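One structure below.
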Amino acid sequence: MLENFEIAKILREISEYLEMQSVPFKPQAYSRAASGIEEIDTPLADIYKSGGLKALENIPGIGVSIAEKIEELLKTGHSQYYEELKKQTPVDLSSLTSVEGIGPKSIKKLYEKLNIRNLADLEEAIREGKIRKLSGFGVKSEENILKSIEFLKQGGQRFVLGFVYPQIEVIVGRLKKIKGVEKISVAGSSRRMKETIGDLDILIVSENSGPVMDFFVTMPEVRQVLAHGETKSMVRLKNGMDADLRVVPKKSFGAALNYFTGSKEHNVALREIAIKKGHKLNEYGLFKKIPNANENWTQMAGETEEEIYQALGMDYIEPEMRENLGEIELAKKHQLPKLIGYGDLKGDLQIQTNWTDGAHSIEEMALAAQKIGLEYIAITDHTKSLAMTGGADEKKLLRQMAEIDKLNKKFDGQFKILKSAEVNILKDGSLDINDKVLAKLDIAAAAVHSNFNMPREKMTKRICRAMENPNIDLIFHPTGRVLLKRPAYELDIDEVIRVAKKTGTCLEIDAFPDRLDLKDIYAKKAIGAGVKLAIDSDAHSVNHLQYLRFGIAQARRAWAAKKDIINSYSWPEMLKLLKR
DNA sequence: GCCGTTTTCGGCCCGACTGTTTTCAGTCG
């Protein structure tokens, strides 16, 4: 049975094929349907089973025709319509569209003129100088395509943590329930909450590993079994990610967890400390020599990580900090910062609604935020120069403010909606909303959404000029990167941090999984300079609020304490921290 | 192909940028 993401992917490809043929309006319809499907947590198969075609049509963006195509996909695993389209242009759409600057029309031309079907074909054609001869392409296009392919290659087979996290939780949750599984934990970069991960490592303690392993290799997510043993199994999942499961003895669980969590650099440093003390640290435990017994070791610690760190003479180090960037020295001196916790946020300062490109109303977003325990949100719809989103002009912003006043009355102090905006920073650093209206907002944020290819100095000046505006409290996603897709624009981050400090402007950690912007090391720099940060979901729908977790993780990787994050304060206290 | 506190038919996010062109197609957000 096809899963939601697989069906969404097919609909999205249909949209791109229709785009190739310049079919009007249908591409957007298919693309919207795909987005609608990505928004829902219930499997389409279940929706269809319980309510048939009618239930499918209730999903936003899905009508009679697309519902029938989903029905066909669920029943047969195929779509005639999709396959007809694919036959006309049999190319690897998802990889080709991931090249920056290449869209459906170019893909069609490249296939028809040069028989290019995938990235390898494309790269070869460029090396042979064939692309520049096509009308509409030139030397510059070749250079840009090549640059983008190189960037994609560097990403390799990595996955954005936040996007695969739900699947990880399902797998771990299921394993946890198996009889005889005493302990379970993810390890590796997923436990350190790195922004992207290469594979998934899971450790368990169980007296009887056979049935656990059997279960693991036959999970519905598994595409291929790479190894299936008593203590270790490896599978490749349908999404292309590898997952390893190891069974370890109870007395070694902490040591194994420490070893497989890494980072490698952190582990090497720990092992050196052990050696200096005359001990030995490996994935089975921390051992000391038995006097007078040649090469005989006895275990000092290993069942938990805490006892290992303690035995090495230091405080427990949170996984997010284990990069050997000074955390070990602090742990020895008992001076580790108390990191902001996963439940410490009281508000969310970047929320999009259906006033622009969000999926839900202001009230729906507020209720969803309240449900996950937040006390306030700021509504930050796009502004007018971002035309594609229906960005707000001054008039529309004022209308929205009135609407928010009404809603706040309705919430009657139980929840607070703050008036804000994601104001667009124009090419010269000026803003597309006038100061008079900006001053009326509770909090205003600014961000760059266009002209990414500016020289470093110009881009730095542009952002700094926005920060000099007394009405701008916060800069959203300050470096503009999109993980595995687009690098950050050229920017002097030290200068941006300096001006942020000088002007009292806050910087954001955008928690959206493929942004995580500022990234950990920049956020750490900002905190070090005394700049306050905000952790925001950048939610475009109620489901996105859960992404806050990944922003908090990034902040923890940046050694942030609660006091460094403005939205860990109640809203009246938070407003007092702003420069306005 | 979808959708309706402007509509069950007639609209659909649209302006800027890039690199190719000599006035514009394609892509992006």
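What's counted below: heavy atoms across the whole structure, side chains too, no hydrogens, waters or symmetry copies. So that the names make sense, note that chain A is the first sequence line, chain B the second, and so on, each numbered from 1. On a predicted model such as this, the values are computed, not experimentally measured, just so you know.
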B:dT27 OP1/OP2 closer than 4.0 Å to side-chain N/O of A:Ser106: yes

Centres of the A:Phe550 and A:Tyr165 rings: under 6.0 Å? yes

On the nucleotide B:dG19, are OP1 or OP2 found under 4.0 Å from the side-chain N or O atoms that A:Asn144 carries? yes

Any side-chain to backbone donor/acceptor pair from A:Asp121 onto A:Arg117? Under 3.5 Å, distance only. yes

Side-chain contact check for A:Arg32: nearest option of B:dG1, B:dC17, B:dG19 is B:dG1

Among B:dG1, B:dG29, B:dT20, which nucleotide sits nearest the side chain of A:Lys69? B:dG1

N/O contacts under 3.5 Å, protein versus nucleotides 3-7 of chain B?
residue	atom	partner	partner atom	Å
B:dC3	OP1	A:Gly61	N	2.7

Kindly point out which of B:dC12, B:dC17, B:dG19 is positioned nearest to the side chain of A:Phe25? B:dC12

Going by atom types alone, do A:Asp432 and A:Asn424 pair a side-chain donor with an acceptor below 3.5 Å? no

Rounded to whole angstrom, note down the C1' distance from B:dG10 over to B:dT18. 34 Å

So A:Pro27, base contact, sugar-phosphate only, or nothing? Heavy-atom distance under 4.0 Å. nothing

Would you measure the distance from the P atom in B:dC2 across to the matching atom in B:dC13 and give it in whole Å? 15 Å

Can you find a side chain N or O atom of A:Asn451 that sits less than 4.0 Å from OP1 or OP2 on B:dC17? yes

Checking the side chain of A:His360 only, and the main-chain atoms of A:Val542 only, is there a donor and an acceptor separated by less than 3.5 Å? yes

Quick check on B:dT20: is either OP1 or OP2 less than 4.0 Å from any side-chain nitrogen or oxygen of A:Arg132? no

Just name whichever nucleotide pairs with B:dG1, Watson-Crick or G-U, keeping both distances under 3.5 Å, else none. B:dC12

Taking atom C1' in both B:dG11 and B:dA16, what distance in whole Å separates the two? 25 Å

Using only side-chain N and O atoms of A:Ser450, determine if any of them is under 4.0 Å from OP1 or OP2 of B:dC28. no

Atom NZ of A:Lys396 to atom C1' of B:dC13: distance rounded to whole Å? 10 Å

Can you tell me the distance, in whole Å, between the CD1 atom of A:Ile102 and the P atom of B:dG19? 12 Å

Please figure out whether A:Ser135 or A:Tyr30 has its closest DNA chain B nucleotide nearer the 5' end. A:Tyr30

With a non-hydrogen cut-off below 4.0 angstrom, is A:Val139 in contact with a base, only sugar-phosphate, or nothing? sugar-phosphate

